[in-house]
Amino acid sequence: MERFPGIPREAVLKEDLLRGGVAFDPSALSGNEGGEVKPKSYFIFSFDHRTLPELGEAALNRPPEEIVLTGGPYGLRRTVVSVRVNPSSPYRVAPDADGALALFLDGARIADVGLPPMPEYYRHPLSNGKSVMEVAPTIQWGYLIYLTVFRVCQYFGAKEECQYCDINHNWRQHKAAGRPYTGVKPVDEVLEALEIIDRHDTARASTAYTLTGGAVTSKVGGKDEADFYGQYAQAIEERFPGRWIGKVVAQALPKEDVRRFHDYGIRIYHPNYEVWDRRLFELYCPGKERYIGRDEWHRRILDSAEVFGPRNVIPNFVAGVEMARPSGFLTVDEAIASTREGLRFFMSRGITPRFTTWCPEPTTPLGRENPDGAPLEYHLRLLEAYTETLRENGLTAPPGYGPAGPGRAVFSVSSFMDALAPEPGEGE
């Protein structure tokens, strides 16, 4: 915090928790779907530093989906953090001497901890008995409905899977544990879950939905990727016109396929480019390189801006894999220079990328080699580079992520929204 006075203290702490995880006292766990705390839904990846069998009580009695930090010796403003469990973390959520939940670092109390309340819509199952949390979980403190409608990826095996991604293993571990984890979610189940959310979300906290899942390289249910994911958007927009901002995370597809997304009702497109450096993209994303290729991927991102408008094309990258051993950059300077080049490439064209802080999941090749992830310095300098490049190009926070600014942001899997200034008129 002293070395980076320009980065909000909230963002410094949040990045450290996201990159290294947090441990939980048993009393801070959720009580699963029968409790008063909203449990972690494992909505696409595990986002944990241990496998389910290694998590102990946290595997049986789930941790909360997110935590919110306030107060403490740093005077933290309200900070929403996605939960990534690491029993070995120096950070621990536990009761203090008065019984109130707090965040401790090496035993020192550093923040008050709030847990997300169980939303009313999670208490009402679908007609077939499935839970809303399984079909349409919400994250970002209820802002975003996360519809992982295809729970596996057709980039499969060591020669195709992205080297930091555990989507396929997450599917396997939940099935092995006997947990419900629907592979392909039927459209009618998604609509029924959304009806329950719409009925019980009387505060209208849920503002956007994201359609996503694994890459489709052939067909799912006889449909290609654009039509497979697009069918959900079409059904949602017909049933709930304008109720939520429609977003899709998919591959960088040809312009005619992207246009179908738009025609189906999607308004924000996330064709994630994962890592900027050419050599690392080829190594870390072998399936994407083989089927599409880095240059074509980038061309398609630029083409998609002609369909959605540059502001509504928001490709993600996985922040931190640039420094993963054995092939990543050896210094923070080199890694930041490379990532900044990518930011400038897109932002100079009006496209605003965003990023997820890398969680080194233990079943992935990069996670096994790099259990501690990237250094905190990298993540903080990335926040500096991101905000500077945004400002250089006259851009503001991308749409569909809720409010920006420390104390206001709800985006929980990185702190880029916490580090940005609030929009004019939003106040502090």
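The figures that follow rest on heavy atoms only: side chains count, while hydrogens, waters and symmetry mates do not.
No hydrogens or angles considered: nothing links the side chains of Arg84 and Ser46 as a donor-acceptor pair under 3.5 Å. If you check the side chains of Gln163 and Thr364, you find no donor sitting under 3.5 Å from an acceptor. Between the side chains of Lys38 and Thr138, a donor-acceptor pair is found at a separation under 3.5 Å. Side chains of Ser127 and Glu192: a donor-acceptor N/O pair is present below 3.5 angstrom, by distance only. Under 3.5 Å, the side chains of Ser206 and Asp201 contain a donor-acceptor pair of N or O atoms. Counting only N and O atoms by type, the side chains of Ser338 and Glu341 include no donor and acceptor under 3.5 Å apart. With no hydrogens or angles considered, no side-chain donor-acceptor pair links Gln140 and Ser412 at under 3.5 Å.
Taking a cutoff of 4.0 Å between a charged side-chain nitrogen and a carboxylate oxygen, Arg243 and Glu238 do not qualify as a salt bridge. Using a 4.0 Å cut-off between charged side-chain N and carboxylate O, Asp198 and Arg204 make a salt bridge. A salt bridge between Arg294 and Glu282 is absent, with no side-chain N of the basic residue lying under 4.0 Å from a carboxylate O of the acidic one. In summary, Asp106 and Arg92 do not engage in a salt bridge, as defined by a charged side-chain N under 4.0 Å from a carboxylate O. The residues Glu134 and Arg151 are annotated as salt-bridged, a charged nitrogen and a carboxylate oxygen being separated by less than 4.0 angstrom. Using a cut-off of 4.0 Å between Lys/Arg side-chain N and Asp/Glu carboxylate O, Lys40 and Asp48 are scored as salt-bridged. Salt-bridge check for Arg259 with Glu256: failed, with every basic side-chain N at 4.0 Å or more from each acidic carboxylate O.
Ring to ring, Tyr91 and Phe104 are not that close: their centroids are 6.0 angstrom or more apart.
The side chain to side chain donor-acceptor pair (under 3.5 Å) check on Glu120 picks up His124, with sequence neighbours excluded. Here Arg325 pairs with nothing under the salt bridge (Lys or Arg N to Asp or Glu O under 4.0 Å) rule; sequence neighbours left out. Considering only residues two or more places apart in sequence or on other chains, Phe4 meets the ring-ring contact (aromatic ring centres under 6.0 Å, His included) condition with none of them.
In this structure, Gln154 CD and Asn168 CG are separated by 10.0 Å, a value rounded to the nearest 0.5 Å. With rounding to the nearest 0.5 Å, the separation of CD1 in Ile167 from CD in Glu361 is 11.0 Å. In this structure, Tyr291 OH and Tyr155 OH are separated by 7.0 Å, a value rounded to the nearest 0.5 Å. The line from CH2 of Trp171 to CG of Asp166 is 14.5 Å long, rounded to the nearest 0.5 Å.
Taking the side chain as every heavy atom from C-beta outward, Val83 and Phe24 approach each other to under 4.5 Å. Under the 4.5 Å side-chain criterion, counting only non-hydrogen atoms from C-beta, Leu420 is in contact with Leu390. Counting heavy atoms from C-beta outward, Val22 and Asn86 have side chains that stay 4.5 Å or more apart.
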### Message
Using side chain to side chain donor-acceptor pair (under 3.5 Å), reason through Glu15 and Ser414 one step at a time and then give a plain yes or no.
### Response
CA-CA 7 Å; Glu15 285 299 316; Ser414 82; 4.8 Å; no

### Query
Given Asp25 and Val93, is the side-chain contact (heavy atoms from CB on, under 4.5 Å) satisfied, shown in steps?
CA-CA 6 Å; Asp25 184 85; Val93 175; over 6 Å; no

### Task
Let me see the working for His270 and Lys247 under side-chain contact (heavy atoms from CB on, under 4.5 Å), right down to the final yes or no.
CA-CA 7 Å; His270 301 289; Lys247 308 196 286 184; 3.6 Å; yes

### Task
Go through Glu274 and Lys288 one step at a time and tell me if the salt bridge (charged side-chain N to carboxylate O under 4.0 Å, His left out) criterion holds.
CA-CA 10 Å; Glu274 315 297 14; Lys288 291 173 179 174; 2.4 Å; yes

### Message
Checking Lys14 against Thr357 for the side chain to side chain donor-acceptor pair (under 3.5 Å) test, could you report, in this order, the C-alpha distance in whole Å, the side-chain angles of both residues, the deciding distance, and whether it holds?
### Response
CA-CA 10 Å; Lys14 182 169 175 173; Thr357 300; over 6 Å; no

### Task
Assess whether salt bridge (charged side-chain N to carboxylate O under 4.0 Å, His left out) is satisfied between Arg300 and Glu296, documenting all intermediate values.
CA-CA 6 Å; Arg300 291 179 179 185; Glu296 177 63 18; 3.0 Å; yes

### Message
Could you go through Val81 and Leu18, starting from their C-alpha distance and side-chain angles, then the distance that decides it, and tell me whether this counts as side-chain contact (heavy atoms from CB on, under 4.5 Å)?
### Response
CA-CA 7 Å; Val81 186; Leu18 289 173; 4.0 Å; yes

### Steps toward side-chain contact (heavy atoms from CB on, under 4.5 Å) verdict (Leu103, Leu17)
CA-CA 11 Å; Leu103 180 66; Leu17 289 167; 4.0 Å; yes

### Query
Passes ring-ring contact (aromatic ring centres under 6.0 Å, His included), Phe261 versus Tyr229? Steps please.
CA-CA 8 Å; Phe261 277 147; Tyr229 288 113; 7.2 Å; no

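In summary, of the residues considered (Tyr401, Trp276, Tyr386, Phe346), a ring-ring contact (aromatic ring centres under 6.0 Å, His included) with Phe355 occurs for Tyr386 alone.
A side-chain donor-acceptor contact under 3.5 Å links Trp297 to the backbone of Asn272.
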